[in-house]
Amino acid sequence: MNESEGLRFRRLNRPQIITDEAHEPQYKTTSSYSGKVFRVTLLTLVAFLLFPLLVVVFLVESPIQPEVFSLGEPPLMTGCYEPNLKLRQAERLFEDGLIGPESLANIGDVLYTGTADGKIVKIEGKSIHLLATLGKPPCGSREHEHTCGRPLGIRVGPNGTLFVADAYLGLFEVNPVTGEVKSLVSTGKMIGGRRLGFVNDLDVTQDGKKLYFIDSSSRWQRRDFMHLIMEATADGRVLEYDIETKEVTVMMENLRFPNGIQLFPDEESVLVAETTMARIRRVHVSGLNKGGMDTFIDNLPGFPDNIRRSSSGGYWVAMSAVRPNPGFSMLDFLSQRPWLKKLIFKLFSQDTLLKFVPRYSLVVELQDGGTCVRSFHDPHGMVAAYISEAHEYNGYLYLGSFRSPYLCKLDLSKV
């Protein structure tokens, strides 16, 4: 064997040195396989979870068609609007005995209210008595609300009878002693080319000849009020009912969720709470300015509901949700983002959305010029929640609610 052949032999039979690096390719192969399995599993799980969401986002049609509108920056909650705990001094009455006593009226010491189960009741002392029902049973559920009826605004006329606005059935006159019911305006009637869709609050003139009432929306019913708020539909109206001629006249249109009404002392105009816009409008219903409208107060710290006279000559305004400043107001944020509103209503029901609305009860007393006099608060709605009206009588403020199963009574001498 010559030298060159010996060299080739030694190279072919050179011993291999085993080190950690020798196992590295096998280790990497195993790791790569496990990682692929993990990634595939993770992606499959994500796709499984996202698929229903994508179907909802792209294929399911949103029930609302919201419009863009601007509320302006909420007022600072200072001065007259300074937060306090005064509403927590209120006493709860008839807990679990009254469901959603929306509006209140009194004849002497007897209180009257309408409830969520379609009843009109009178409250004498510590007792509740059924006075009348406007619709037909069964009652007590969202599905039956449109046939059962939902009494909202209630007023006492000069002749001592009760006038009631039912969200689904229309306007009624009710005898406070016998409970006899008389239909004045039915929701089946066409008024100004549209049917009444959401009859809400009302007021009656001192001579009892005219009723002014609100049709909050022609598109949405009361049971879909969150749809109305989020869509910001400008289809609300103020109407006049002439008790002598029985004619109904449209006084003002294109309001965004008109929700409460109160006659001015001269009865030439009415104050209207425009809930979605966080303001109160003044609609002129007679006199030289008839047919006109101006703003009584704009940019309120909350979303107003019913308006009622105070003993000082001003007005009590109830609000069940506020626009905190400093803080974050979800409804203000969403007002400029209709696409987000659509998505929210694709994913969540109205009852679910209500749980996300911070409970903050606020009652404000305003003077004639719209100036705030005082305010009562209950942050988180711990005592008085979902308030809809503040009705003053004999030194007390009775707080109605569109949802809570009780009535609240606040001693004004203590706040």
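Since this is a predicted model, take the numbers as computed values, not measurements.
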Asks: Quick test of your reading of the model: are Glu231 and Arg219 salt-bridged, counting only N-O distances below 4.0 Å?
Replies: yes
Asks: Taking atom CD1 of Ile64 and atom CE of Met230, what is their separation to the nearest 0.5 Å?
Replies: 5.5 Å
Asks: Heavy atoms, side chains only, cut-off 4.5 Å: are Asp332 and Pro74 in contact?
Replies: yes
Asks: Between atom CG of Leu410 and atom CG of Leu412, what is the distance when rounded to the nearest 0.5 Å?
Replies: 5.5 Å
Asks: Please determine, by modelled atom types, if Thr161 and Asn159 share a side-chain donor-acceptor pair under 3.5 angstrom.
Replies: yes
Asks: Applying disulfide bond (SG atoms under 2.5 Å apart), name anything that partners Cys408, two or more places apart in sequence or on another chain.
Replies: none
Asks: Going through the distances and angles, do Leu228 and Phe198 end up as a side chain to side chain contact (heavy atoms under 4.5 Å, CB included)?
Replies: CA-CA 11 Å; Leu228 175 56; Phe198 183 173; 4.1 Å; yes
Asks: Can a donor-acceptor pair be found, under 3.5 Å and without considering hydrogens, that links the side chain of Thr78 to the backbone of Glu82?
Replies: no
Asks: Specify the closest pair of heavy atoms between Cys80 and Ser375, including all atoms of both residues, with the distance to one decimal.
Replies: O-OG, 2.6 Å
Asks: So, Gln350 side chain and Met226 main chain: donor-acceptor pair closer than 3.5 Å or not?
Replies: yes
Asks: Mind checking ring pair (Phe, Tyr, Trp, His ring centres under 6.0 Å) for Phe376 and listing every partner two or more places apart, or none if nothing turns up?
Replies: Trp316
Asks: Is the number of heavy atoms from other residues, nucleotides or ligands within 6.0 Å of CD (Gln206) greater than 12?
Replies: no
Asks: For the residue pair Pro101 and Ser404, what are the closest heavy atoms and their distance?
Replies: CD-O, 3.5 Å
Asks: Between Asn259 and Asn306, is there a side-chain donor-acceptor contact under 3.5 Å, judged purely by atom types and distance?
Replies: no
Asks: Is any side-chain N of the basic residue among Glu365 and Arg374 closer than 4.0 Å to the acidic one's carboxylate O?
Replies: yes
Asks: Please check if the side chain of Ser103 supplies one atom and the backbone of Ile154 the other of a donor-acceptor pair under 3.5 Å.
Replies: yes
Asks: Do NZ/NE/NH1/NH2 and the carboxylate oxygens of Asp215 and Arg195 come within less than 4.0 Å?
Replies: no
Asks: To the closest 0.5 Å, what do you measure between NE2 (His391) and OG1 (Thr113)?
Replies: 10.0 Å
Asks: Can you label the angle between the Phe296 ring and the Phe264 ring as parallel, tilted or perpendicular, going by 30° and 60°?
Replies: perpendicular
Asks: With heavy-atom distances below 4.5 Å as the criterion, would you say the side chains of Phe94 and Ile123 are in contact?
Replies: yes
Asks: So do the side chains of Leu407 and Leu399 get within less than 4.5 Å of each other, counting heavy atoms only?
Replies: no
Asks: Could you check if a side-chain atom of Leu300 sits within less than 4.5 angstrom of a side-chain atom of Val364, using non-hydrogen atoms only?
Replies: no
Asks: Give a yes or no on whether the backbone of Ala385 and the side-chain of Ser401 come within a donor-acceptor separation of less than 3.5 Å.
Replies: yes
Asks: Is the count of non-hydrogen atoms from other residues, nucleotides or ligands lying under 6.0 Å from Gln336 atom CD greater than 12?
Replies: yes
Asks: If you apply the rule side chain to side chain contact (heavy atoms under 4.5 Å, CB included), what do you find for Leu98 with Ile128, and how did you get there?
Replies: CA-CA 9 Å; Leu98 283 173; Ile128 301 175; 3.7 Å; yes
Asks: If you measure from NZ on Lys86 to CG on Leu362, what distance do you get to the nearest 0.5 Å?
Replies: 12.0 Å
Asks: Looking at Tyr406 and Val383, would you say the former's side chain and the latter's main chain have a donor-acceptor pair under 3.5 Å?
Replies: yes
Asks: If you compare all heavy atoms of Leu85 against all heavy atoms of Pro379, which two are closest, and at what distance to 0.1 Å?
Replies: CD2-CD, 3.7 Å
Asks: Other residues, nucleotides and ligands only: do more than 12 of their heavy atoms fall within 6.0 Å of NZ on Lys119?
Replies: no
Asks: Would you say the side chain of Val121 lies within less than 4.5 Å of the side chain of Leu131, judging by non-hydrogen atoms?
Replies: no
Asks: Taking all heavy atoms of Cys148 and all of Leu169, pick out the closest pair and write down the distance.
Replies: O-CD1, 4.4 Å
Asks: Check Arg256 with Glu274, please: is the shortest side-chain N to carboxylate O separation under 4.0 Å?
Replies: no
Asks: Using the rule given for salt bridge (Lys or Arg N to Asp or Glu O under 4.0 Å), can you reason through Arg222 versus Asp166, listing the C-alpha separation, both sets of side-chain angles and the distance that settles it, and then say yes or no?
Replies: CA-CA 10 Å; Arg222 195 220 73 91; Asp166 187 284; over 6 Å; no
Asks: Please walk me through it: do Asp201 and Leu152 pass side chain to side chain contact (heavy atoms under 4.5 Å, CB included)?
Replies: CA-CA 6 Å; Asp201 197 16; Leu152 298 178; over 6 Å; no
Asks: State the OH-CD distance between Tyr212 and Glu267, to the nearest 0.5 angstrom.
Replies: 8.0 Å
Asks: Between atom CD1 of Ile120 and atom NE2 of His129, what is the distance when rounded to the nearest 0.5 Å?
Replies: 16.0 Å
Asks: According to the interplanar angle, ranging from 0 to 90°, do the rings of Phe402 and Phe225 count as parallel (below 30°), tilted (30 to 60°) or perpendicular (above 60°)?
Replies: perpendicular
Asks: Could you walk me through whether Glu102 and Asp305 pass the side chain to side chain contact (heavy atoms under 4.5 Å, CB included) test, one step at a time?
Replies: CA-CA 10 Å; Glu102 163 92 10; Asp305 201 329; 4.0 Å; yes
Asks: Provide the full list of salt bridge (charged side-chain N to carboxylate O under 4.0 Å, His left out) pairs with a residue in residues 388-415, sequence neighbours left out, each pair given once.
Replies: Arg308-Glu389
Asks: Does a side chain donor of either Asn299 or Arg323 reach within less than 3.5 Å of an acceptor in the other side chain?
Replies: yes
Asks: Please evaluate residues Phe213 and Tyr241 with respect to the criterion ring pair (Phe, Tyr, Trp, His ring centres under 6.0 Å), reporting the C-alpha separation (whole Å), side-chain torsions for both, the decisive distance (0.1 Å), and the verdict.
Replies: CA-CA 8 Å; Phe213 67 102; Tyr241 173 68; 7.5 Å; no
Asks: Using only heavy-atom distances, determine whether the side chains of Ser141 and His144 contain a donor-acceptor pair under 3.5 Å.
Replies: yes
Asks: Is any NZ, NE, NH1 or NH2 atom of the basic residue among Glu240 and Lys210 found under 4.0 Å from an Asp or Glu carboxylate oxygen of the other?
Replies: yes
Asks: Given side-chain hydrogen bond (donor to acceptor under 3.5 Å, both in side chains), test Tyr168 with Glu145 step by step and report yes or no.
Replies: CA-CA 8 Å; Tyr168 301 92; Glu145 193 173 279; 2.3 Å; yes
Asks: May I ask you to test the Glu73-Asn325 pair for a side-chain heavy-atom distance under 4.5 Å?
Replies: yes
Asks: Tyr398 and Asn106: side-chain donor and acceptor closer than 3.5 Å?
Replies: no
Asks: Fit a plane to each ring of Tyr360 and His377, take the angle between them on a 0 to 90° scale, and name the class: parallel (under 30°), tilted (30 to 60°) or perpendicular (over 60°).
Replies: perpendicular
Asks: Using a 4.5 Å cut-off on heavy atoms from C-beta on, say whether the side chain of His284 contacts that of Met293.
Replies: no
Asks: Can you check whether Thr205 reaches Leu263 side chain to side chain, under 4.5 Å on heavy atoms?
Replies: yes
Asks: Could you tell me whether Glu95 and Arg92 make a salt bridge, using a distance below 4.0 angstrom between a side-chain N and a carboxylate O?
Replies: yes
Asks: Whether the side chain of Arg337 engages the backbone of Phe333 through a donor-acceptor N/O pair (distance < 3.5 Å, no angle test) should be reported.
Replies: yes
Asks: Set out, in order, the CA-CA distance, both residues' side-chain angles and the distance that settles side-chain hydrogen bond (donor to acceptor under 3.5 Å, both in side chains) for Asp378 and Ser361, then state yes or no.
Replies: CA-CA 5 Å; Asp378 183 358; Ser361 296; 5.3 Å; no
Asks: Ignoring hydrogens and angles, state whether a donor on the side chain of Asp235 or Thr233 is under 3.5 Å from an acceptor on the partner side chain.
Replies: no
Asks: For a quick test of reading the model, state the closest non-hydrogen atom pair linking Val181 to Leu134 and the distance between them.
Replies: CG1-CD2, 3.7 Å
